[in-house]
2 protein chains.
Amino acid sequence: MLRPRSTHVTIMDVARQSGFSPSTVSIVLNDAPLSRHVAAPTKQRIRETAKALGYHPNPSARSLRSRHSRTIGILVFDLSDPFCTLILLGIEKALDPTGYLPLIMDAHNDRKQLEGYLELLLERRVEGLIVVANWLFEEGGVLFEILKNTFPTIVVGRDLADDRIRSVVVDNEAGGYAALQHIYRLGHREIAFILGPEKLSDSNRRWQGMQRFAAEHSLAIDERRVRRLVEALDPFSGFTGGRELTEDLLRSRIKFSALLAFDDLTALGAVRALCHAGMNVPRDCSVVGFDDAPLAAFCTPGLTTIRQPLEDMGALATEWVLKAAQVGEEVDGSPSTTQMLSPSVVVRESTRETRS
Amino acid sequence: MLRPRSTHVTIMDVARQSGFSPSTVSIVLNDAPLSRHVAAPTKQRIRETAKALGYHPNPSARSLRSRHSRTIGILVFDLSDPFCTLILLGIEKALDPTGYLPLIMDAHNDRKQLEGYLELLLERRVEGLIVVANWLFEEGGVLFEILKNTFPTIVVGRDLADDRIRSVVVDNEAGGYAALQHIYRLGHREIAFILGPEKLSDSNRRWQGMQRFAAEHSLAIDERRVRRLVEALDPFSGFTGGRELTEDLLRSRIKFSALLAFDDLTALGAVRALCHAGMNVPRDCSVVGFDDAPLAAFCTPGLTTIRQPLEDMGALATEWVLKAAQVGEEVDGSPSTTQMLSPSVVVRESTRETRS
DNA sequence: TTGTAAGCGTTATCAT
DNA sequence: ATGATAACGCTTACAA
């Protein structure tokens, strides 16, 4: 039984009650190496009284003495973003059995806050740091610069241009390739593209994948069907961007029977524009997103998309940080500094064969 | 500058470097009452060297000595649920300026985990507890039973049947009333309902609000147009439930020109069913959701819904917990144990006037 | 096989 | 106006 508030029961209480010394109690309760030499009945006795008294070690005292916090800092760029949330799920599940506690901080899409929380986490003596980034996250930052290579730090979710910093991401190139392949196989040849912001390497890699597919299949990409989102800070800018660029596409009167969007939100913006123009998805135009955010499954038509294995990405990042934290300093075992997981195509209702 | 890893600079370092004693340093740096008697130049000196050395107090030592953790436990029923996430936003914003740190734990819709994490948080000596619940959260639980009235605990987001436990929720009755009012004013009279699970008091209150509106306006509610979701553990059951019940409604061949759903996900399920049946929303049938989850804005047609002020709810809960934690024990100032915030109608594209 | 004692970094009480 | 000193609860040499 746990006794909230009031004074907590300490190791001394257990010692007195069981008739042994605090050290013995500590050794037994922690299964410390020396506990091998403790008589079985003694252990029994101690464990019993500990449970009976409802003893739980004071974490502050423990980490003060042992000089480790058993805590990992999780810096989430936007907790309201389902993208981040799913990565977090993987992190939590990986952390759960280890006894490490996640200290989750939400930067609310604000870079200033990000730096502030980063300091806060360091002050709280976290033993490692996982940054859960979406595409609004910007690289650089003073503190961040210092951290890498001195402190177990890893970024998940965002394809960093700076490859000196460790990260776990989806294979964006493969994702772009797969997206175009899917649409190509359905017979589409007049394909529109809404790319992500210019400087975003996630977007560039996806675009590279698409271009590779096009080249391999002698598919000409007409520049007039290509649009590009502008950089933004607003988490929902993808939607309005997708919508407006699609309207622009429509106004230009160039035909297209399919549209590949930078991500799901952009795709949903495109769907909105298409429908408002009196078109039907997928009958008049197929649409493909990227990410497989939860909304992709629940809108109508269900959105065909490229799935990022977000949970796995979170888990992978966690495993590395934990290892790095335990070894002590830098673990530079792995050959590459950025790990890539494969995406997969999730076919729903927003894509269909061309009417020939 | 913050020095990650390596040995941290302690108050002793600052003391030596500045030429004063640790006590004086502590007093100055904490702006303790006694610091009023400390000479200005001394303060100056101490603050400078503290900054120069990059001193940050060790939180473990501090809470060990001062006997408080400056930490609030946040038990989220499902972090992947945007509903929970928005409440969390309000909590974080309210907590941020106070210096209290949120310890966020995600139960992943699992009641066992919930209890486990609850214990964990208590062991970590949190000073208060906020439970962020969605409609899957079940009341009761041993530990929980003990907590209420002994420990600053509050539940946000879920309308508890047990009114001995403090909570912050939306005014569900008013929400139900407003939903029906909106649809009634658009001229609809043949209205279908998909209610939440039988035992869910959120659902019952909404239903009461609808019935009150109906009574006040002599609107007959035909039982044959009413369906009810079954209880479930799956976070997405609302979608499939909404879809299947709508299909059922359609099969029954009873006409309806509008549908009020228990929540947004249910509404989206209904939209899916309607569209698959060849109907157009809102032309052939208007649909209203509840919650105003992010997806409501991004699907097409945009979903008309009843907005819960989730962020405000989180903030309100936080304020209470903080106050309760600081006062010490129970703060039973407020007359009612459950605070209700007003919902609002968000009109988007899924509702329209009846074609007369 | 078990107990004693020191010390982790703070803060608070008491002297000075 | 500032400094000694003890104590918070725990772990870990070292002693017995």
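Labels below follow one simple rule: chain letters A, B, ... track the order of the sequence lines, proteins then strands, and each chain is numbered from 1.
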Original post:
Roughly how far, to the nearest 0.5 Å, is the CZ atom of F20(A) from the CD1 atom of I46(A)?
Top reply: 5.5 Å

Subject >> Sugar-phosphate only, base, or nothing, as touched by T42(A) at under 4.0 Å among non-hydrogen atoms >> reply: sugar-phosphate

Subject >> For F137(B), ring pair (Phe, Tyr, Trp, His ring centres under 6.0 Å) partners two or more places apart >> reply: F77(B)

Original post:
Do E92(A) and H108(B) get their side chains close enough for a donor-acceptor pair, meaning under 3.5 Å?
Top reply: yes

**OP:** Taking only heavy atoms on the protein side, list every residue of residues 23-39 of chain A lying under 4.0 Å from any atom of DNA chain D, sorted numerically.
**Re:** S23(A), S26(A), I27(A), N30(A)

Subject >> Main-chain N/O of K43(A) paired to R45(A) side chain as donor or acceptor, under 3.5 Å >> reply: no

Subject >> Donor-acceptor under 3.5 Å (D13(B) side chain, T10(B) main chain) >> reply: yes

**OP:** Not counting sequence neighbours, which residues clear salt bridge (Lys or Arg N to Asp or Glu O under 4.0 Å) with D78(B)? List them please.
**Re:** none

Original post:
Toward the 5' end of DNA chain D, which comes first, G19(B) or A61(B), by nearest nucleotide?
Top reply: G19(B)

Original post:
Out of S60(B), S63(B), S69(B), which residue meets the side chain to side chain donor-acceptor pair (under 3.5 Å) rule with S60(A)?
Top reply: S63(B)

Original post:
Can you give the first and last nucleotides of DNA chain D, 5' to 3', that have an atom under 4.0 Å from a heavy atom of chain A?
Top reply: dG9(D) to dT12(D)

Original post:
Short question: side chain of N30(B), backbone of A32(B) - any donor-acceptor pair under 3.5 Å?
Top reply: no

Original post:
Rounded to the nearest 0.5 Å, how far apart are CG of L95(B) and CD of E319(B)?
Top reply: 10.5 Å

Subject >> Strand contacts (DNA chain D) in residues 63-70 of chain B, 4.0 angstrom heavy-atom criterion >> reply: L64(B), R65(B), R67(B)

**OP:** Walking along DNA chain C from 5' to 3', note the first and the last nucleotide with an atom under 4.0 Å from a heavy atom of chain A, and give both.
**Re:** dT1(C) to dG9(C)

**OP:** Look only at the side chain of R124(A) and the backbone of L122(A), and say whether a donor-acceptor pair between them is shorter than 3.5 Å.
**Re:** no

Subject >> Sidechain-backbone polar pair: E127(A) side chain, R70(A) backbone, donor-acceptor under 3.5 Å >> reply: yes

Original post:
Is a side-chain donor-acceptor pair under 3.5 Å present for S23(B) with S26(B)?
Top reply: no

Subject >> Side-chain H-bond candidate by donor/acceptor type, D96(A) with Y117(B), under 3.5 Å >> reply: yes

